[in-house]
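Here the structure is a predicted model, which means the values were calculated and not measured.
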There are 2 protein chains.
Amino acid sequence: MITILWAVPGLTQEALPSWNDTAPRKAIVAFVERVTTHGSPNFVPEAERIATFDNDGTLWAEQPIYFQLAFALDRVKVLAPQHPEWKDKDPFASLLKGDVKGALAGGEAAIFEIVTVTHSGMTTEEFENIANDWITTAKHPVTGRLYSEMVYQPMLELLAYLRSNGFKTFIVSGGGIDFMRVFAERVYGIPPEQVVGSSGKLDFELRDGKPVLMKLPTFNFNDDKAGKPVGIQMHIGRRPIAAFGNSDGDLQMLEWARGGGGVRFALIVHHTDAEREWAYDRTSSIGRLDKALDAAQAEGWTVVDMKNDWKTVFPFGSK
Amino acid sequence: MITILWAVPGLTQEALPSWNDTAPRKAIVAFVERVTTHGSPNFVPEAERIATFDNDGTLWAEQPIYFQLAFALDRVKVLAPQHPEWKDKDPFASLLKGDVKGALAGGEAAIFEIVTVTHSGMTTEEFENIANDWITTAKHPVTGRLYSEMVYQPMLELLAYLRSNGFKTFIVSGGGIDFMRVFAERVYGIPPEQVVGSSGKLDFELRDGKPVLMKLPTFNFNDDKAGKPVGIQMHIGRRPIAAFGNSDGDLQMLEWARGGGGVRFALIVHHTDAEREWAYDRTSSIGRLDKALDAAQAEGWTVVDMKNDWKTVFPFGSK
């Protein structure tokens with residue numbers, strides 16, 4: 001069946017036009033044809049065609065800092081007048097002096113504090129409005145483009161290709177679930193109920209007699225590393241047959257997808273293109289790809305060499 | 001537009017055949033037609049047609065005890081040989097002597113203990129197999145039917161009717177998420193990713209080199225009462241425009257659905273049929289309907305009087 005389809009170039013060449021016809025594209029098309037061919041021993045019914053995608057570094061860029069962190073830093077500046085105490089308290093003090101590096105020197109604890117103060121203390125609807133205002137106006141510091149334009153054109157095509165083949169596409173990301181839902185449907189065609197992410201606790205309250213959900217400053221779930229298969233089970237309840245990531249944070253999700261029976265697909269986006277995007281892997285503090293790259297090589301997962309496998313990086317071209 | 005459709009009896013009479021043409025059926029049809037009529041000021045795009053359903057007492061019966069509790073009690077008997085200490089320890093001791101009432105006298109703490117020991121200590125896949133074996137063989141003590149046959153025929157028709165009108169149907173239940181997923185797709189046509197429920201914590205592990213998710217004896221989330229709007233936000237990320245329940249545990253979900261803008265629908269199944277099903281409400285220890293019944297009357301929610309509004313109760317007829 002694969003042979004027959006390969007003999008009809010029009011059919012396969014139309015899909016994934018921003019992908020060079022190198023090994024990753026061939027592997028994707030071969031996988032999709034195997035699981036969608038009725039009567040094939042590898043056929044998978046539509047209901048079980050679950051594909052999960054990491055977000056940062058897999059669907060959109062993550063340099064020079066995670067975009068959600070850029071949002072949080074911008075929010076600290078907006079909120080500063082209401083928090084005079086921040087002037088003398090790091091990470092806020094450094095940040096407000098313009099010293100982002102100093103602010104982030106506190107590592108995960110500092111980031112956690114910044115994210116907590118900017119992602120709680122309001123209702124879910126208020127947060128959606130705040131995040132939506134930011135995502136539709138804030139500009140990336142290097143490209144000057146909206147952050148929501150910093151998505152990978154080949155991955156948008158891959159999402160559409162999988163969906164046109166009966167797959168249900170999910171985001172499974174360490175990013176904040178409420179943050180991603182603000183743009184995932186418009187930008188990726190992924191509705192809110194198919195977004196899995198990290199979260200804080202929520203509290204149902206009546207405010208002036210109206211029911212609201214308050215975002216609390218309490219941590220709820222970390223959808224990263226070993227949390228990804230857990231998040232997948234909690235939200236989807238079905239093991240993905242295909243998973244896509246770019247960093248060590250995605251390793252367990254890829255193992256989980258590959259560990260099921262039948263034909264499974266695991267793909268890693270390797271950032272190798274310093275000119276059109278960024279080049280980083282084993283030693284990067286953002287999107288580190290080290291153990292997962294070893295696993296990909298050992299297990300035969302598909303690795304996208306961005307520089308050689310993608311014709312286009314962003315919808316608008318390159319960095 | 002409603003008038004026009006009401007003038008075409010064939011169109012509306014086909015839907016919901018097990019519903020008498022009383023107020024609830026009329027209200028459901030009128031609501032669906034309002035939100036699905038293009039050009040109507042109440043039109044809702046398909047992506048936003050989210051409908052959430054409680055399970056116990058709303059989609060299937062819950063007497064004489066919650067069916068998942070019946071499963072847990074059966075499992076205690078199966079597991080007893082591996083737990084000699086249970087002979088002297090309640091709630092297990094009473095239960096193993098056949099004294100269910102005595103075992104449940106410990107209230108929620110006793111139930112929690114029984115559910116915990118029977119729903120943890122295995123992988124998610126092992127649990128699925130155990131629950132599936134039970135649901136496909138165990139018989140209801142009153143009707144002698146499989147528990148999965150104890151579903152409400154009118155509600156099955158309602159699920160299908162909503163889906164045929166572009167709604168996405170979700171279960172949002174205090175029941176265990178992994179337990180419900182075992183039968184929800186086959187019985188209700190609701191896939192695992194559209195089941196929201198209570199859960200224990202999970203742990204991702206490698207067992208003999210194979211990735212598994214272990215069900216831990218640690219509580220994670222209670223998807224009941226004020227937990228229902230929280231579960232809805234976490235899983236769906238969009239406010240339902242229609243919600244269906246039968247007890248005080250559903251009150252906040254119905255308030256949350258009704259609290260959004262535009263046309264909203266809230267329905268309560270009132271168990272009024274002692275002959276064909278069961279009759280219980282304000283003083284029942286199972287499925288208590290007290291505050292939510294007051295709210296329904298005060299807010300004008302639709303209340304199904306099972307005895308008068310349903311032609312048929314179960315697919316096989318009556319109790």
Side-chain angles (χ1 to χ4, degrees), chain A residues 46-48 50 123-125 128 168 170 177-178 180-182 184-185 189 191-197 199-207 209-216 220-221 225-239 251-261, chain B residues 46-48 50 123-125 128 168 170 177-178 180-182 184-185 189 191-197 199-207 209-216 220-221 225-239 251-261:
Chain A
E46 280 205 21
E48 293 167 26
I50 303 290
T123 71
T124 49
E125 287 177 1
E128 278 167 37
K168 211 163 180 174
F170 288 81
I177 190 165
D178 290 337
M180 293 185 287
R181 281 167 166 167
V182 167
E185 188 156 37
E193 63 270 25
Q194 287 163 225
V195 176
V196 183
S199 57
K201 295 236 184 256
L202 300 172
D203 191 35
F204 179 79
E205 294 175 12
L206 292 177
R207 212 166 64 169
K210 269 197 69 171
V212 296
L213 287 168
M214 290 299 297
K215 287 173 74 71
L216 304 183
N220 180 52
F221 182 66
K225 300 191 173 71
K228 289 204 176 194
V230 172
I232 287 170
Q233 175 64 21
M234 292 198 309
H235 281 256
I236 309 176
R238 191 130 54 183
R239 206 192 279 229
L251 176 58
Q252 289 86 349
M253 172 170 76
L254 297 169
E255 285 174 338
W256 180 238
R258 279 292 292 248
Chain B
E46 279 205 21
E48 292 167 27
I50 303 290
T123 70
T124 48
E125 285 177 1
E128 278 167 37
K168 211 164 182 175
F170 288 80
I177 190 166
D178 289 337
M180 293 186 288
R181 282 170 167 165
V182 167
E185 187 157 39
E193 63 269 25
Q194 285 163 227
V195 176
V196 183
S199 57
K201 294 236 184 255
L202 301 172
D203 191 34
F204 179 79
E205 294 176 10
L206 292 177
R207 212 165 63 170
K210 269 197 68 172
V212 296
L213 287 169
M214 289 301 297
K215 286 174 74 71
L216 304 182
N220 180 52
F221 182 67
K225 300 190 171 73
K228 289 204 178 198
V230 173
I232 287 170
Q233 176 64 20
M234 291 198 309
H235 281 256
I236 309 176
R238 190 130 54 182
R239 208 193 275 231
L251 176 57
Q252 290 84 350
M253 174 171 75
L254 296 169
E255 285 174 338
W256 180 237
R258 279 293 290 249

Asks: With a 4.5 Å limit on heavy-atom distance, are the side chains of B:F221 and A:M234 in contact?
Replies: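 No - every pair of side-chain heavy atoms lies 4.5 Å or more apart.
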Asks: Side chain from CB out, backbone as N, CA, C, O: work out which of these in A:K168 comes under 4.5 Å of a heavy atom of chain B, or both, or neither.
Replies: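 Only the side chain of A:K168 comes within 4.5 Å of chain B.
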Asks: So for A:V212, is it side chain, backbone, both, or neither that comes closer than 4.5 Å to the heavy atoms of chain B?
Replies: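 Contact with chain B: backbone only.
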Asks: Give the minimum heavy-atom separation between A:G259 and B:K210, together with the two atoms involved.
Replies: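 The pair with the smallest heavy-atom distance is O-CE, 4.1 Å.
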Asks: Measure the NE2-NE2 distance between B:H235 and A:H235 for me, rounded to the nearest 0.5 Å.
Replies: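 Answer rounded to 0.5 Å: 5.0 Å.
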Asks: Rounded to the nearest 0.5 Å, what's the gap from CD on A:E193 to CD on B:Q194? Could you check?
Replies: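 Atom-to-atom, A:E193:CD and B:Q194:CD are 7.0 Å apart.
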Asks: To the nearest 0.5 Å, how far apart are CD in B:Q252 and CG in A:L206?
Replies: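 These two atoms lie 8.5 Å from each other.
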Asks: How far apart are the closest heavy atoms of B:P192 and A:G237, and which atoms are they?
Replies: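 What the structure gives for the nearest pair is CB-O, 3.8 Å.
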Asks: Between OG1 of B:T124 and CZ of A:R239, what distance do you get to the nearest 0.5 Å?
Replies: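 These two atoms lie 7.5 Å from each other.
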Asks: Minimum heavy-atom separation for A:A226 to B:F204, with atom names?
Replies: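 Closest heavy-atom pair between A:A226 and B:F204: O-CB, 3.6 Å.
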Asks: A:I177 versus chain B, heavy atoms under 4.5 Å apart: side chain, backbone, both or neither?
Replies: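 The side chain, not the backbone.
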Asks: What is the distance from atom CD1 of B:I236 to atom CZ of A:R181, rounded to the nearest 0.5 Å?
Replies: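 CZ of A:R181 is found 9.0 Å from CD1 of B:I236.
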Asks: Provide the closest heavy-atom pair for B:L202 versus A:V230 in the form atom of the first, atom of the second, distance.
Replies: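 Shortest heavy-atom contact: O-CG2, 3.8 Å.
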